[in-house]
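Letters A, B, ... are given to chains in the order of the sequence lines, protein chains preceding strands, and every chain is numbered from 1.
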There are 2 protein chains.
Amino acid sequence: MQAYRTLERRFARLSALGGATGILGWDSQALMPDGAAEGRAEQLAVLRGLSHEILTAPETAEALAAAEAESGDSDPWRAANLLEMRRAHAHASAVPADLVEASSRACSKAEMVWREARRDADFSRLAPHLAEVLRLQREIGRAKGEALGLSVYDALLDGYDPDLRRATIDPLFYDLRSWLPGLVARARDRQAEEPEPLPVEGPFPVEAQRRLGLSLMRSLGFDFARGRLDVSLHPFCGGATDDVRITTRYDEADFGRAMMGVLHETGHALYEQGRPAGWRHQPVGEARGMSLHESQSLIVEMQACRSAEFFAYLAPLLHAEFGGSGPAWTPENLHRLHTRVAPGFIRVDADEATYPAHILLRYELETAMLAGDLAVADLPGAFDDGLRDLLGLDVPDDRLGCLQDIHWPSGAFGYFPTYTLGAMAAAQLFRAATSAEPDILPGLALGDFAPLRGWLRQAVHAKGSLLTTDALLTQATGTPLRTAAFRHHLETRYGGAA
Amino acid sequence: MQAYRTLERRFARLSALGGATGILGWDSQALMPDGAAEGRAEQLAVLRGLSHEILTAPETAEALAAAEAESGDSDPWRAANLLEMRRAHAHASAVPADLVEASSRACSKAEMVWREARRDADFSRLAPHLAEVLRLQREIGRAKGEALGLSVYDALLDGYDPDLRRATIDPLFYDLRSWLPGLVARARDRQAEEPEPLPVEGPFPVEAQRRLGLSLMRSLGFDFARGRLDVSLHPFCGGATDDVRITTRYDEADFGRAMMGVLHETGHALYEQGRPAGWRHQPVGEARGMSLHESQSLIVEMQACRSAEFFAYLAPLLHAEFGGSGPAWTPENLHRLHTRVAPGFIRVDADEATYPAHILLRYELETAMLAGDLAVADLPGAFDDGLRDLLGLDVPDDRLGCLQDIHWPSGAFGYFPTYTLGAMAAAQLFRAATSAEPDILPGLALGDFAPLRGWLRQAVHAKGSLLTTDALLTQATGTPLRTAAFRHHLETRYGGAA
C-alpha cells in the first residue's frame, strides 16, 4: 500500500493544481479584464507545466510500477483509482514535451486566425493553420496510440472519453443515420399540419431572467454553498471540486436561450457536485467522460425540462417573472415553442432532433481528415455536401458552414461524437429512471426534482470513474449504450409515435 | 549572463505562480462559495509549496552564486534584480520547512480562536494561541536574522519592507510621539470652537455608491483594462500583475466609508498598475515595500482627496448620485465632515491625526513582546494603559482593545509600523509633488489627477524595487524619510497652522 499511498498524495496535489487551473480558467471567461490575458495565459501555462512535470516525473512512474506490483487490491475503488492514475500517466508521458508545445502553439495561432476567418467567411485563411493543427493532432494520436495500443483516432477519443472506441461509435451512428432523416421529415410534416405556436413577446429583463435561472437551479438541487452562476460569452460549467461554476448569457429578446442554457449547465454541475465525496480529489472520483457528462446536462435540459410536465411547473414561474399572460403563456403553447424541429446551419442552435445530424457530419469529416482521406482544402465542399445530404440545407458561406465551430482549430479532434453519444445515454438513463422511479415525472410538474436527482446521484454521479461508461450504463439501464431509447424518445416527442 | 538568465526564467515562473495565488486569494474573499473553503486552502497551499520548492531548490542557489560571481552587471536594473532575488531566496531558505508549517498551522488556529475571542471580548481564550504564534514568529525572526545578519525584529520587518530597521523607525516614532498628543489636543480645541458640520442624510443606494466609486477610479486613472472593482467584507487591493483587483464594502447609511475606501485602494492599485513595464514579472519590478505602498494609498485618500480642492470637484458628483442639496451638501461642509479629529478605540476607523497613536502603541507592544519584555498575559493591561496615555481613552473591553486586530494572531509582527511610515512618506512625497508640479492642486478641483499621477508614476511607481525606500525618497523629495512634512500637513489641516 505504501507506493499506492504515495500516488494518492501526488494525485491529490494534481487535483489541487487542476482546481486552481479550473478557477483561473473560469475567471478568464467570466470576469478577467482584457489586459490581463497575457499574464493569465502565462499563469495557466506554468500550472499546466507543473502538473505535467509532477505527473510524468520518474517518481510517479516508479510508484505506479510498484503499486501495480503490490498484491492485488481488494478494494474496487482503490483498484480503479490505480487504473485511472495509469491512464493519466500514459496519456501525459506518451507525448514528447516539444510536441505538446508545438501543438499548443499551433492551436493558439489557429484559434486566433479562425476568429477572423469566421468573421470574414474566408476558409482559405484558416486552411494552412488547420492543416498544421491536424498534422500535430495526428502525431499526438500516433504517439498516444503506440503507448496505449490504440489507433490514432481511438487514442484521441480516449483522452475525452476513457475506453470509447470507433468500434463502439460506428454501429451506433450507422443506425442513427438510417432513421434520423426520416424522423426529422415526419416531425416537420406533423408540425406543418398544426397551427404555429404563438410567440411570447419581450423584453425579458436580465434581472428577472437571472432570478428565474437561480430559482430553477435551486429546484434542481444545485448546491450554492459549492457553486455559483455567472455570465460569460460562451456558457460553460467549470471551476473546481466543491466549487462548481456555471455561466450563461442573457438576451433580453429571448428568455429561452439563457433558461435552457442554465438548465443544461446545471445538469453538468449536478454531476460534478455529486461525485463520490471520499474520492473527489482522486482520479477515480472524477466524472467518467464527456459522453456521460453530456448525458447529465441533456437529461436535465432535454429529457426533463422539455417535457409537458415541466412546462406545467414552469408557466407560473414565467408569469411571475415576466408578467406575460394570454394564450401564448399557457404551458401547452410554451412547451410547443420549446420543442420545435427546424433544420438550421448552426449546430449550437439546433433542436434536439436535428442536432445529431450535425454530429454525424463532423464525425465523418474528422475521421476522414485524420485518416488522410479528406484534405483540409476539400473540407468546405465536403461539409456543404454533407449538410445538404443530411438536412437538405444549402450552406451560403463558410461562416454558416465549416467555420462555425472552434473545435478543430483548437485541436479537439475526437470530441464531437460525445455530444450525440451523450444524447443517447440521456434518453437511455431517463427511460430507466422513470421506469424505476414513478415519482420522477409527476415530480417535474411540481418542480420536485428530488426523485430524478436521487436516482442519478446513485446510478451515475456517485460512481465517479469506478466503472467504464458501458458498465455503468449496463448497471443502471440493463444494457450498454444503444440507440433504441433515443429513437423512442424522439419518435414520441416529435414523430407522433405513441 | 547565462546564470542570470536562468534566474530570470525561474523568477518569471514564480511571478506567474504568485499571480495565480493572488487571483485565487482575491476570489476567496470576493466570490467563493463557503463550501469551497477547504479545497481553496489546499490549492493555495500547493501553489505556495511549489513556489517555495522552486525558490529554495539547489538549482536556484547555484544559479544565484554563479550570477553573483559573473562580472558585475553594468545594468542597474539587472543588478538590483539580482539583489532582490538573493533577498527572496535568503528569506525563504532561512526558515526550515517544519517551522514554516508549524507557524502556518498555529496562525490558522489562532485566527480562528481570535474571531470567537473578539466576539466574546475574552482575551484569555486567545492568550495561549497567541503565545504560540509569538514563540514561532520569534523563532522565524531568529532563523532569518542569522541568515541575514539582523536582529529578530529587523529580520521580520525586512519581510514586509526591505531594508527597514528599528534604527530607522525609533527616532521617527520618538519624534512623532513628542508632538502628536499636543497636536490632537489643539485640533480638538479648534473643532470645539467651531459649529459642528451638518450631517448628510441617507440612504445612499449601493448602485449609486458603486457608480461614484467607478467614476472616481476613472478620474484617478485606474486602468480598467487591467483591473476591477468588486465587493468583499474586508476591503483590499490584490490580484496579479496587469490584473489589479480592489474591493470595497457598501453601507447604505454612510457613503463616505466605501468612497474613501475605494480612493485608498485605488492609490494602492495605481502603484501596482504603474510598476515598470519591462520588469513586472521580476523581483525588481515589484512594489518596494509596505511603507511605500501605504504612502501611495494615503497620498490619494488623505493628501489629495481630503483636500478642500477635491471637495469642490466631489460635491457636484455627490449631488448627481445622491440628489442631496442644501447647506449639508456644500463642498465646505462635506470637507469638514471628512476631516474631523475624534479619538476612538478602533484603529481602522481612526482619523488621520489619531491613527498614528494606534500605531505607536502597537509598535511598542509588539517589540516588547518579541523581546520577551511583555508577557502575552499582560498584553490587555499594557494595551489599555497605552491607549489611555496616548489618546485619553478608557478601553471598556478587549474587543475594543487588544483584540481588535487580526495582525498578531495571524503572525504579522513587524507590519504595523509601515502604516504610519506610509503616512509620513505620503506627506513628504505630496509636498514634493505639489512643489514641483503646480498643476496638481488646481487639478484636484477639476477631477484632473493626471499631474499628480504623472509625478507619482515617474518618482515612485516606475522605480519598482530599483532603489531602497530611503534612496527613492531622497531622489524624489531631497531627504530620506522624516517626520517634518507629516507634521506640517497635520498642523496645517487640523492644528490651525498656516
Side-chain angles (χ1 to χ4, degrees), chain A residues 9-28 30-51 53-54 57 207 222-230 239-246 269 272-273 275 277 280-281, chain B residues 9-28 30-51 53-54 207 222-230 239-246 269 272-273 275 277 280-281 285:
Chain A
R9 281 191 299 274
R10 284 185 97 81
F11 278 86
R13 225 173 166 203
L14 287 167
S15 169
L17 281 173
T21 307
I23 296 296
L24 291 170
W26 167 86
D27 183 273
S28 306
L31 293 176
M32 186 182 74
D34 289 345
E38 203 178 316
R40 179 61 50 82
E42 192 57 29
Q43 292 159 15
L44 290 170
V46 168
L47 292 185
R48 290 190 183 118
L50 286 167
S51 292
E53 277 175 33
I54 294 171
E207 245 332 290
F222 183 94
D223 178 0
F224 284 94
R226 299 189 294 130
R228 292 178 52 93
L229 168 66
D230 294 276
T241 299
D242 294 325
D243 196 358
V244 180
R245 303 195 175 184
I246 70 172
E272 288 297 317
Q273 294 190 329
R275 294 195 279 117
R280 279 190 195 137
H281 296 285
Chain B
R9 281 191 299 274
R10 283 184 99 81
F11 278 86
R13 228 172 164 202
L14 287 167
S15 169
L17 281 173
T21 307
I23 296 295
L24 291 169
W26 167 86
D27 184 273
S28 308
L31 293 176
M32 187 182 75
D34 289 346
E38 203 177 317
R40 178 61 51 81
E42 192 56 32
Q43 292 158 17
L44 290 170
V46 168
L47 292 185
R48 291 192 183 115
L50 286 167
S51 293
E53 278 175 32
I54 294 171
E207 243 332 291
F222 183 93
D223 178 359
F224 284 94
R226 299 189 294 130
R228 291 178 53 93
L229 169 67
D230 294 276
T241 299
D242 294 325
D243 196 357
V244 180
R245 302 193 175 186
I246 71 172
E272 287 297 316
Q273 294 190 328
R275 293 195 279 117
R280 279 191 196 135
H281 297 284

Item to check | Audit row: B:Asp27, A:Arg228, salt bridge (charged side-chain N to carboxylate O under 4.0 Å, His left out) steps and yes/no | outcome: CA-CA 12 Å; B:Asp27 184 273; A:Arg228 292 178 52 93; over 6 Å; no
Checklist entry - Using a cut-off of under 4.5 Å for heavy-atom pairs, which of A:Gly227, A:Gly39, A:Gly239 has the most such pairs with chain B? => result A:Gly227
Item to check | Which atoms of A:Arg280 approach chain B - backbone, side chain, both or neither, heavy atom under 4.5 Å | outcome: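 Interface part for A:Arg280: neither.
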Next on the checklist: At a 4.5 Å cut-off on heavy atoms, which part of A:Glu53 comes close to chain B: side chain, backbone, both, or neither?
Outcome noted: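 Contact with chain B is through the side chain of A:Glu53 alone.
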Item to check | Contact winner vs chain A - B:Gly35, B:Pro33, B:Ala20, heavy-atom pairs under 4.5 Å | outcome: B:Pro33
Next on the checklist: Only pairs of heavy atoms separated by less than 4.5 Å count here; which of B:Leu47, B:Thr21, B:Ile23 has the most with chain A?
Outcome noted: B:Ile23
Next on the checklist: Pair A:Asp242, B:Glu38 - check side-chain contact (heavy atoms from CB on, under 4.5 Å), show working.
Outcome noted: CA-CA 9 Å; A:Asp242 294 325; B:Glu38 203 177 317; over 6 Å; no
Checklist entry - Applying a criterion of heavy atom separation less than 4.5 Å, what residues of residues 9-16 of chain A form contacts with chain B? => result A:Arg13, A:Ala16
Item to check | Distance in Å, A:Leu17 CG paired with B:Glu42 CD, rounded so as to fall on 0.5 Å steps | outcome: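 So the gap between those two atoms works out to 10.0 Å.
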Item to check | Non-neighbouring partners of A:Ser28 that pass side chain to side chain donor-acceptor pair (under 3.5 Å), sequence neighbours left out | outcome: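 Side chain to side chain donor-acceptor pair (under 3.5 Å) list for A:Ser28, sorted by chain: A:Arg40.
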Checklist entry - Would you say B:Leu31 and A:Trp26 make side-chain contact, with heavy atoms under 4.5 Å? => result yes
